[in-house]
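Working notes, beginning with the structure itself.
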There are 2 protein chains.
Amino acid sequence: MTNTTLKLLAQQLQLSISTVSRALKDHPDISASTKAKVHALAQSLDYEPNAYAIQLRTQSSKILGVIVPAISNLFYDSFIAAVEEESRNNGYAVMILQSSHNPENELSNLKIFRQNRVSGVFACLSSSSENLEVYQKMNEREIPVVFFDIVPKDNRFTKVRMADERCAIMAAENIIKRNAKKVLAIFGDEVLSITQKRKSAFQKFMQDFAPKIHCSYAHANSSLHAEELMKKFADKKNKLDTVFCMTDEILIGVMKTIQELQLKIPSDIGVISISNGFIPNLYYPHISYVETSGYELGKLAFIQMMANMKGGKTLTELTVDAKFVEGGSM
Amino acid sequence: MTNTTLKLLAQQLQLSISTVSRALKDHPDISASTKAKVHALAQSLDYEPNAYAIQLRTQSSKILGVIVPAISNLFYDSFIAAVEEESRNNGYAVMILQSSHNPENELSNLKIFRQNRVSGVFACLSSSSENLEVYQKMNEREIPVVFFDIVPKDNRFTKVRMADERCAIMAAENIIKRNAKKVLAIFGDEVLSITQKRKSAFQKFMQDFAPKIHCSYAHANSSLHAEELMKKFADKKNKLDTVFCMTDEILIGVMKTIQELQLKIPSDIGVISISNGFIPNLYYPHISYVETSGYELGKLAFIQMMANMKGGKTLTELTVDAKFVEGGSM
DNA sequence: AATTTTTTTGCAAACGTTTGCGACAAAATT
DNA sequence: AATTTTGTCGCAAACGTTTGCAAAAAAATT
């Protein structure tokens, strides 16, 4: 079965292609009666405009690209949900690709985006990828790039992210409030700027406001790793009384050890994490967490994208604030 | 900055567009020397073929569409991962859209797919959507549709799914093995065929092999709902000793109640679920589950898609088998 | 009735590719 | 030396739109 085209409609109605085209988009030049006829036929033959022809002609696709490290991540999920929602409202489709934390995949994804002439891309850096020239090239080709969450230090780009320092400080505040004595703070992938920001803010705050609290710092980039770390620190009877988990993955690993050692929360040990809330609420008592909303970040990112596409270059770094959610773990 | 096109290359090299086109794809008609020149220039101007022009000309895109109820779901995540992996290897890009369990969104997503002339779609039905004419129309337009997981009863379509009956029976087997007396089995959305299949298989097996076990059946389509259901059944001292959860969402709700009532697993109550394993392993002891692998399902779906695209109509229903994973909850 | 204005429609080029066919030269065959 | 084959390349049409501009028809103005 052949697709319905403008030409076909035109033939059947004894009209020119241009008239049909204009009728379909309510151009004031076209009379109401012909508009009606055209719409009717288009309906019954369920005409779908060929997006490829349109893009070829107009040189602008209605597709936005999103690169995330992984979609099996509640934070990115909600980010994508927000972007998709806004996109739908603005007539855009969203193409989602995952880098799987692999710079190589990131590159090949970018290539797919270029080939499909996306009109903008939201990018979250995969671990150690710092080949920013590719992104720079996209910007030069007038394809706006909005980095989110894991953003480059480079300030030639538009960036949106969580208020990482505030997150870390909020967590620190609540640890102090608990009268903690010995704290284990586990952060994520060391090479990421997001990790560095959170860690240094946390560290500084702890030193300044609670210098007598003993803090151990560690890094983990997987649940398994976090589990082992926790085992090491909790085992040697060093009276660890509080643990801070920077990510859901870390929290999961830490909880495995806590469950295994049958530690009581919050009496034996206090737990606090940074999360969107899904995982923390699975445990009993619920884990207290500093909430970071991928959803809000997505909304913000979309606004930035639109601004970039419409107007000039708004090269800014915007942040979304966080809030503390009390579970029963502190 | 304007994009590099064949025309531009042709001009700079004093060649015709067709020659450049052929050179770029190693057509035997073109001499080695010109091929080299063309490739060199294309490289330095980083030429990217315009996918839209290609599709317009060849009437075939290299994009596959995937519709899932939600991407924040580990089962679908792994399904997508598999499809994406295979797609990448075969030169396809994947466009992921979520229906959010909303038939209206499903429709609008389908429209986006049609407009972008995807060359195939993987579809998972959103709850109560049974407007199959749309899918039938796609098939008529020679856009193969492969349904997965939640598939229509209609046998005009290609379908891949888990061996739902086997899953349910495996769960039932292990419930019997536990010497259960009173069982609560909570299934998902009642209108879905996947639910019906699992439920009737479960029910039949229980009747035939353990008629003395008292089973209560219930439906839930959210964690909250499952939580309440569990509260109702566990509260009234009717000595409930085992609960079966058909989905992760249900398990989460059930576990909330179990934690709240401080029931001990597995002594007070046994728990078994159907899952890919992520959520069950968060609890302590780990929840025993029948494993369903979205990843394998994705691989299978892709194979079916390719078969549909290449050859004729392979209208079959294929299933992926499951296996039981022992936690400590039974 | 002749002119101007307004309304409605069509022509044709362009977007960047692919591809059947023909053209031309060089090489191989007679 | 005349012919055929082979190796390289270009012409031009087509894919389905959009849009500036011209044209034709109808309505309004003199």
Side-chain angles (χ1 to χ4, degrees), chain A residues 1-39 41-42 45-63 91 114-119 141-143, chain B residues 1-39 41-42 45-63 91 114-119 141-143:
Chain A
M1 166 177 267
T2 172
N3 273 327
T4 319
T5 68
L6 286 187
K7 190 200 278 186
L8 188 72
L9 295 181
Q11 283 172 345
Q12 301 223 4
L13 290 168
Q14 297 280 48
L15 286 172
S16 76
I17 294 177
S18 37
T19 303
V20 175
S21 170
R22 288 185 174 107
L24 250 15
K25 49 185 47 164
D26 266 338
H27 194 286
D29 268 10
I30 307 299
S31 72
S33 67
T34 52
K35 266 182 198 170
K37 281 185 224 156
V38 173
H39 275 113
L41 188 64
L45 264 52
D46 51 34
Y47 165 77
E48 292 285 353
N50 187 320
Y52 293 86
I54 293 174
Q55 132 74 16
L56 184 57
R57 169 63 222 232
T58 63
Q59 299 288 31
S60 86
S61 79
K62 283 294 208 173
I63 299 184
R114 283 197 308 271
Q115 288 184 343
N116 284 94
R117 300 295 197 268
V118 296
S119 47
R141 286 189 186 193
E142 288 172 2
I143 299 172
Chain B
M1 167 178 264
T2 173
N3 273 327
T4 319
T5 69
L6 285 186
K7 189 200 277 185
L8 189 72
L9 295 180
Q11 283 173 345
Q12 301 222 5
L13 290 168
Q14 296 281 48
L15 287 171
S16 77
I17 295 177
S18 37
T19 303
V20 175
S21 171
R22 289 187 173 105
L24 249 15
K25 48 185 48 164
D26 267 337
H27 193 286
D29 268 10
I30 307 300
S31 73
S33 68
T34 52
K35 266 182 197 170
K37 280 184 224 158
V38 172
H39 274 112
L41 187 63
L45 263 50
D46 50 35
Y47 166 76
E48 292 285 353
N50 186 321
Y52 293 86
I54 294 174
Q55 130 74 16
L56 185 57
R57 171 63 222 233
T58 61
Q59 300 288 31
S60 86
S61 78
K62 282 294 207 174
I63 300 186
R114 285 198 306 273
Q115 288 185 343
N116 284 93
R117 299 294 196 272
V118 297
S119 48
R141 286 189 187 192
E142 287 171 2
I143 300 172

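Letters A, B, ... mirror the listed sequences (proteins, then strands); counts begin at 1. Here the structure is a predicted model, which is why all the values come from computation and not from measurement.
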Checklist line | A/Arg22 (side chain) and C/dG10 (base): donor-acceptor pair under 3.5 Å | finding: yes

Please report the distance, rounded to the nearest Å, between [atom1] in [X] and [atom2] in [N].
X        : N      : atom1 : atom2 : answer
B/His27  : D/dT8  : NE2   : P     : 12 Å
A/Lys62  : D/dT17 : NZ    : P     : 17 Å
A/Ile54  : C/dA14 : CD1   : C1'   : 15 Å
B/Leu6   : C/dG16 : CG    : P     : 10 Å
B/Gln115 : D/dT17 : CD    : P     : 11 Å
A/Gln59  : C/dT17 : CD    : C1'   : 12 Å
A/Leu8   : D/dG16 : CG    : P     : 10 Å
B/Asn116 : D/dT17 : CG    : P     : 14 Å

Check: Given D/dG16, is OP1 or OP2 found less than 4.0 Å from the side-chain N or O atoms of A/Gln55?
Finding: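 Answer no for this pair, as no side-chain N or O of A/Gln55 is under 4.0 Å from OP1 or OP2.
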
Check: Between A/Lys7 and D/dA14, is there a side-chain N or O to OP1/OP2 distance below 4.0 Å?
Finding: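 No, outside the criterion.
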
How many angstroms lie between atom [atom1] of [X] and atom [atom2] of [Y], to the nearest 0.5 angstrom?
X        : Y       : atom1 : atom2 : answer
A/Arg117 : A/Gln59 : CZ    : CD    : 8.0 Å
A/His39  : A/Leu9  : NE2   : CG    : 10.5 Å
A/Thr4   : A/Leu41 : OG1   : CG    : 8.5 Å

Next item on the list: Under the side chain to side chain donor-acceptor pair (under 3.5 Å) rule, collect the residues that match up with A/Ser31, sequence neighbours excluded.
Entry: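 Side chain to side chain donor-acceptor pair (under 3.5 Å) check on A/Ser31 returns A/Ser33, A/Thr34.
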
Identify all side-chain donor-acceptor contacts of residues 45-52 of chain A below 3.5 Å with residues at least two apart in sequence or on another chain.
| residue | atom | partner | partner atom | Å |
| --- | --- | --- | --- | --- |
| A/Asp46 | OD1 | B/Arg141 | NH2 | 3.1 |
| A/Asp46 | OD2 | B/Lys137 | NZ | 2.7 |
| A/Glu48 | OE2 | B/Arg114 | NE | 3.0 |
| A/Glu48 | OE2 | B/Arg114 | NH2 | 2.7 |
| A/Asn50 | OD1 | A/Tyr52 | N | 2.8 |
| A/Asn50 | OD1 | A/Ala53 | N | 3.2 |
| A/Tyr52 | OH | B/Asn116 | O | 2.5 |

Checklist line | Nucleotide nearest B/Leu56 when distance is taken to its side chain, options D/dT17, D/dG10, C/dG16 | finding: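 Looking only at side-chain atoms, B/Leu56 lies closest to C/dG16.
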
Item checked: Within residues 29-39 of chain B: residues closer than 4.0 Å to DNA chain D (heavy atoms) ->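 Contacts with DNA chain D under 4.0 Å: B/Asp29, B/Ile30, B/Ser31, B/Thr34.
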
Item checked: Of residues 9-18 of chain A, the positions that come close to DNA chain C - non-hydrogen atoms, cut-off under 4.0 Å ->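 The stretch gives A/Gln14, A/Leu15, A/Ser16, A/Ser18 as the residues lying under 4.0 Å from the strand, ordered by number.
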
Item checked: Min side-chain heavy-atom separation B/Leu8-B/Gln12 under 4.5 Å ->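 Result yes, sub-4.5 Å side-chain heavy-atom pair found.
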
For residues 18-29 of chain A, dump all side-chain donor-acceptor pairs below 3.5 Å to protein atoms at least two apart in sequence or in another chain.
| residue | atom | partner | partner atom | Å |
| --- | --- | --- | --- | --- |
| A/Ser18 | OG | A/Ser16 | OG | 3.1 |
| A/Thr19 | OG1 | A/Ser16 | OG | 2.9 |
| A/His27 | ND1 | A/Asp29 | N | 3.0 |

Margin query: So does B/Gln55 get a backbone contact from the side chain of B/Ser61, meaning a donor-acceptor N/O pair under 3.5 Å?
Written below: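 Looks like no, no N/O pair under 3.5 Å.
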
Next item on the list: Verify the neighbour count for atom NZ of B/Lys35: are there more than 12 heavy atoms of other residues, nucleotides or ligands below 6.0 Å?
Entry: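 Check passes, neighbour count above 12.
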
